[in-house]
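Atoms considered below: every heavy atom in the structure, side chains included; atoms not considered: hydrogens, waters and symmetry mates.
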Amino acid sequence: MVAVVVAMPVIYWIAVLVHVSLYQMAPVTLGVLLVGVALIYAIFVAWSGAVREAREDARREANRGRIFGTPGGVLAAAGKFGRGRVEAGARGEGSTALLLELLLRIPGTSVFHGLQFPVRQDADVDHAIAFGNVVYLLDSKLYRWGQY
């Protein structure tokens, strides 16, 4: 907006000095307006990206020490179950992990991913949510829509 306010008198005085009518300066005026709008848009996009990044950093910092492990640890079982099924399972675990981050808004909640059974090395608990003395164990699956 400042560019438009500054540019308009400059365009007027250029037209006066060059002895050109303002009608003939219309393309220049339009160009200045478009450049001004583009600059304002670019500034807004950069600002909103910085705000989004700051929010993500704050969220990560707030959740530090409350999320343990990484989802998708099932990828090691590709030889046993097949690569396609294991990758789908890892995507399902990742999607569930994103949803479980919402529970971290509750004070005192912790989320654990990829817990191994002490007896069986080929089985795991995909997710555990702890709140006080209550623990929920979740197993994630990724099904196609409508196929259950």
Quick check for you: to the nearest 0.5 Å, what is the distance between [X] atom [atom1] and [Y] atom [atom2]?
X: L137; Y: D126; atom1: CG; atom2: CG; answer: 10.5 Å
X: F44; Y: Y41; atom1: CZ; atom2: OH; answer: 8.5 Å
X: S140; Y: L100; atom1: OG; atom2: CG; answer: 7.0 Å
X: W47; Y: R52; atom1: CH2; atom2: CZ; answer: 10.5 Å
X: T96; Y: R91; atom1: OG1; atom2: CZ; answer: 12.5 Å

I want to check something: taking the side chain as every heavy atom from C-beta on, are [X] and [Y] in contact at a cut-off of under 4.5 Å?
X: F131; Y: I106; result: yes
X: R66; Y: V111; result: no
X: H113; Y: I67; result: yes

In this structure, would [X] and [Y] fall into the same cluster of hydrophobic residues linked by side-chain contacts under 4.5 Å?
X: L102; Y: I129; answer: no
X: L103; Y: L99; answer: no
X: V125; Y: L138; answer: no

Closest non-hydrogen atom pair, T109 against L104: O-CD2, 3.4 Å

Crowding at CD, E56 (>12 non-hydrogen neighbours, <6.0 Å): yes

For the OH atom on Y136, are there more than 12 heavy atoms of other groups (residues, nucleotides or ligands in this structure) within a distance under 6.0 Å? no

